Amino acid sequence: MAQERERGITIQSAAVTFDWKGYRINLIDTPGHVDFTLEVERCLRVLDGAVAVFDASAGVEAQTLTVWRQADKHKIPRICFLNKMDKIGASFNYAVESIREKLKAKPLLLQLPIGEGKTFKGVVDVVSKEKLLWNPNSDDGKDFERKPLLEMSDPELLKEITEARNALIEQVADLDDEFADLVLGEFSENFDLLPAEKLQTAVHRVTLAQTAVPVLCGSALKNKGVQPLLDAITMYLPSPEERNYEFLQWYKGDLCALAFKVLHDKQRGPLVFLRIYSGMIKRQLAIHNINGNCTERISRLLLPFADQHVEIPSLTAGNIALTVGLKHTATGDTIVSSKSSALAACRRAEREGEKKHRQNDEAERLLLAGVEIPEPVFFCTIEPPSVAKQPDLDHALKCLQREDPSLKVKLDPDSGQTILCGMGELHIEIIHDRIKREYGLETYLGPLQVAYRETILNSVRATDTLDRTLGDRRHLVTVELEAKSLETSSLLPVIEYAASVAQDLSQASREAIENGLHSACLQGPLLGSPVQDVAITLHSLAIHPGTSTAMISACVSRCLQKALKKADKQILEPLMNLEVTVTRDYLSPVLADLAQRRGNIQEIQTRQDNKVVIGFVPLAEIMGYSTVLRTLTSGSATFALELSNYQAMNPQDQSTLLSQRSGSS
């Protein structure tokens with residue numbers, strides 16, 4: 001993307017397929033910036049293994065932690081690559097220590113660097129006791145030599161590597177019983193005799209078991225250390241056969257794939273990336289989308305090979321395909337060969353469930369767990385250049401939403417304006433930029449607003465009656481309900497019925513009541529923000545025969561609004577985790593500035609020559625922070641933000657906010 005080249009960051013994941021020493025590798029490069037967490041989340045769903053890339057001078061950064069936790073959640077085996085070994089300030093030991101300390105992972109050092117920073121020349125392979133030196137004059141890193149370490153030429157290095165190899169063998173033996181037996185049996189006297197293949201097989205097993213992570217190093221800029229990294233990927237990370245996906249047993253070799261990304265191509269229309277878990281895909285194949293419950297046809301099949309798209313007739317399980325012709329498939333949809341194939345898989349799962357006396361929620365599990373979409377925290381209005389362009393803007397936003405489900409678009413019922421909801425300032429800025437570049441629309445963004453929420457602090461009762469005669473039907477509902485605050489956090493209201501109400505309530509009336517209560521909670525009494533953390537009990541309900549469900553909803557909704565108005569109300573604001581990395585000289589101005597922003601500093605860590613300030617700060621106070629921080633620290637500091645939770649505002653801040661809002665509206 002043009003924006004990626006300009007900003008030097010990854011925004012959208014790119015997929016590429018290539019061959020290396022007889023292996024086919026499908027690589028997906030994911031973004032690291034917190035605004036694009038969803039991109040990472042949906043790619044991790046389709047990976048078998050991952051390479052975590054670190055900056056050797058910074059070690060584990062805020063973003064590393066976020067992405068590492070996501071990989072833990074999806075149970076993905078991984079390798080660590082310490083990049084930028086040739087950068088001033090690079091430190092192999094520091095970076096390894098930070099992996100051990102902050103990620104609580106066990107690093108297996110498979111390589112040691114030869115030199116650091118300006119003196120970085122190559123790496124030593126700890127497993128095979130060889131040194132790999134890159135030709136300093138070669139820019140693309142293809143030219144390197146591999147030599148065994150000899151007592152004569154490198155006595156010091158050989159000693160260091162032998163110690164590192166022995167430590168590695170002990171470490172792996174601790175984690176893998178099969179390897180421990182081998183080591184204690186045949187090679188207990190002399191570890192040097194242990195063949196490299198045996199050690200590699202054991203490292204492969206502990207990587208798959210996720211009890212440890214292999215660590216390699218190099219520099220991507222000059223491609224130093226890339227070849228051994230590719231060897232390590234084929235040697236230690238799992239092939240598709242080695243990953244056990246629970247749902248596959250029900251499909252019995254039928255097609256099952258996950259759409260994990262959609263791109264819009266001017267000529268070809270939507271391009272859908274699919275990860276094939278089982279079966280195969282051919283062009284001109286009709287497929288069934290379980291989530292959308294629709295059948296579509298794949299017109300062409302492409303392989304994202306290196307930097308071009310190669311057209312292919314078919315593709316088998318374990319691969320990533322790029323399909324043309326799927327108009328209704330969106331990110332996170334499960335694709336199967338036909339509706340009957342999905343039902344057959346469903347029945348197999350149910351039979352298995354009955355044997356094990358499980359609930360029959362198996363049908364749910366056939367949908368490859370879609371992607372959890374985070375709640376947006378920022379929103380702003382977006383206006384087309386003229387009313388005539390509104391349909392074009394709607395179309396552009398519809399396409400962008402299919403590509404990026406973390407972008408939400410809604411209409412403001414009062415003003416009729418279109419509202420964009422996103423994950424952060426950068427996210428909304430890039431969407432704005434893409435509408436201009438890709439759809440040729442110059443749009444106007446209103447000021448960024450914070451997505452507040454509301455709740456109540458006490459318990460209140462209210463009653464309401466709705467009595468209307470429409471035509472010859474009388475609609476009459478009387479309801480009494482109580483709303484109170486919940487101890488735990490819940491976005492949706494927790495609804496309970498008194499025993500007298502519950503016993504003769506039809507399913508239709510129950511749904512009408514719940515719709516009414518949910519709609520009343522969408523707009524709270526203070527700011528019109530969603531109301532959360534409330535429990536509602538229906539104490540009594542009288543419905544005249546023939547009353548429509550819409551009237552029941554309307555009455556219940558009005559009654560709850562009445563109750564919420566009477567209650568003691570509280571605004572909740574999004575609280576962000578903030579991590580600022582700053583040099584010592586600028587620490588005090590940064591801290592002074594954060595204190596003015598109602599910041600709460602948790603700790604200040606030292607990372608080599610830098611200080612890392614970790615704390616919480618309300619989102620409302622951190623708008624435009626990047627510009628302020630740049631000015632305060634002459635551009636030397638960096639920061640990372642992610643949503644921590646929603647917390648109650650203190651009375652003083654709350655009344656300031658309310659008076660601002662009432663003044664402006």
Side-chain angles (χ1 to χ4, degrees), residues 375-381 412 414 419 421 424-425 446-460 462 483-491 493 520-535 560-580 587-604 613-629 631-632 639-665:
E375 281 295 308
V377 285
F378 271 102
F379 63 93
C380 70
T381 56
D412 182 340
D414 302 331
I419 295 175
C421 311
E425 293 183 76
L448 276 178
Q449 308 260 343
V450 176
Y452 291 102
R453 306 226 176 113
E454 303 181 21
T455 189
I456 57 173
L457 301 173
N458 57 346
S459 154
V460 280
K484 58 174 187 292
S485 59
L486 263 183
E487 294 304 308
T488 53
S489 178
S490 159
L491 282 177
C521 288
L522 287 177
Q523 288 200 310
L526 287 174
L527 296 172
S529 302
V531 178
Q532 67 173 48
D533 310 340
V534 288
L560 178 55
Q561 283 170 338
K562 213 190 244 183
L564 294 174
K565 272 206 180 74
K566 286 202 297 195
D568 297 342
K569 297 172 282 289
Q570 169 73 57
I571 295 177
L572 304 172
E573 64 175 345
L575 192 65
M576 308 303 277
N577 276 329
L578 171 71
E579 184 169 305
V580 185
L587 182 62
S588 43
V590 167
L591 290 176
D593 174 68
L594 284 174
Q596 289 179 334
R597 296 173 184 273
R598 303 191 282 136
N600 174 1
I601 308 297
Q602 298 292 304
E603 58 171 325
I604 299 177
V613 180
I614 297 174
F616 297 109
V617 63
L619 177 62
E621 304 290 338
I622 209 91
M623 298 283 211
Y625 185 60
S626 49
T627 332
V628 175
L629 189 64
T631 316
L632 274 178
F639 76 104
L641 270 184
E642 62 181 334
L643 181 66
S644 160
N645 60 349
Y646 271 81
Q647 81 156 14
M649 288 182 91
N650 69 34
Q652 191 183 347
D653 295 331
Q654 180 164 319
S655 54
T656 314
L657 174 69
L658 287 170
S659 59
Q660 273 172 1
R661 286 291 177 98
S662 58
S664 63
S665 56

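Everything quoted here is computed from the prediction, not taken from an experiment. Nothing fancy with the numbering, it's 1 onward along the sequence.
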Nearest 0.5 angstrom please: [X] [atom1] to [Y] [atom2], how far?
{"X": "Q523", "Y": "L564", "atom1": "CD", "atom2": "CG", "result": "12.0 Å"}
{"X": "L527", "Y": "K569", "atom1": "CG", "atom2": "NZ", "result": "11.5 Å"}
{"X": "L578", "Y": "Q602", "atom1": "CG", "atom2": "CD", "result": "11.0 Å"}
{"X": "T455", "Y": "L526", "atom1": "OG1", "atom2": "CG", "result": "10.5 Å"}
{"X": "L486", "Y": "D533", "atom1": "CG", "atom2": "CG", "result": "6.5 Å"}
{"X": "N458", "Y": "K484", "atom1": "CG", "atom2": "NZ", "result": "12.0 Å"}

With the side chain counted from C-beta on, respond yes when [X] and [Y] share a heavy-atom pair under 4.5 Å apart, and no when they do not.
{"X": "M623", "Y": "V450", "value": "yes"}
{"X": "L572", "Y": "Y452", "value": "no"}
{"X": "R598", "Y": "D653", "value": "yes"}
{"X": "I622", "Y": "L619", "value": "yes"}
{"X": "D593", "Y": "L591", "value": "no"}
{"X": "E621", "Y": "L594", "value": "no"}
{"X": "R453", "Y": "L491", "value": "yes"}
{"X": "S489", "Y": "N645", "value": "no"}

Minimum heavy-atom distance [X]-[Y], with the two atoms named:
{"X": "A567", "Y": "I456", "result": "CB-CG2, 3.6 Å"}
{"X": "G446", "Y": "C380", "result": "O-CB, 3.6 Å"}
{"X": "I601", "Y": "I604", "result": "CG2-CG1, 4.2 Å"}
{"X": "V460", "Y": "A563", "result": "CG2-O, 3.3 Å"}
{"X": "V531", "Y": "P525", "result": "CG2-CD, 4.4 Å"}

By salt bridge (charged side-chain N to carboxylate O under 4.0 Å, His left out), E579 pairs with (sequence neighbours left out) R607
Hits for salt bridge (charged side-chain N to carboxylate O under 4.0 Å, His left out) against K562, two or more places apart or cross-chain, chain-then-number order -> D464
Output, in order, the C-alpha distance, side-chain angles, deciding distance and verdict of side chain to side chain contact (heavy atoms under 4.5 Å, CB included) for L657 and I571.
CA-CA 10 Å; L657 174 69; I571 295 177; 3.8 Å; yes
For L560 and C521, what are the C-alpha separation, side-chain angles and deciding distance, and is it a side chain to side chain contact (heavy atoms under 4.5 Å, CB included)? CA-CA 8 Å; L560 178 55; C521 288; 3.9 Å; yes
Output, in order, the C-alpha distance, side-chain angles, deciding distance and verdict of side chain to side chain contact (heavy atoms under 4.5 Å, CB included) for V534 and S485. CA-CA 5 Å; V534 288; S485 59; 5.9 Å; no
Q. Just checking, is any N or O donor in the side chain of E573 or Q647 under 3.5 Å from an acceptor N or O on the other one?
A. no
Notebook entry, point to check: How far apart are the C-alpha atoms of E454 and Q570, what are their side-chain angles, what is the distance that settles it, and do they pass the side-chain hydrogen bond (donor to acceptor under 3.5 Å, both in side chains) test?
Noted result: CA-CA 6 Å; E454 303 181 21; Q570 169 73 57; over 6 Å; no
Using the side chain to side chain contact (heavy atoms under 4.5 Å, CB included) rule, take L629 and V590 through it: C-alpha gap first, then chi angles, then the decisive distance, then the call. CA-CA 7 Å; L629 189 64; V590 167; 4.0 Å; yes
For atom CD of E603, decide whether the heavy atoms of other residues, nucleotides or ligands shown that lie under 6.0 angstrom number more than 12. yes
Residues at least two apart in sequence or cross-chain that pass ring-ring contact (aromatic ring centres under 6.0 Å, His included) with Y625, listed by chain then number, are F639
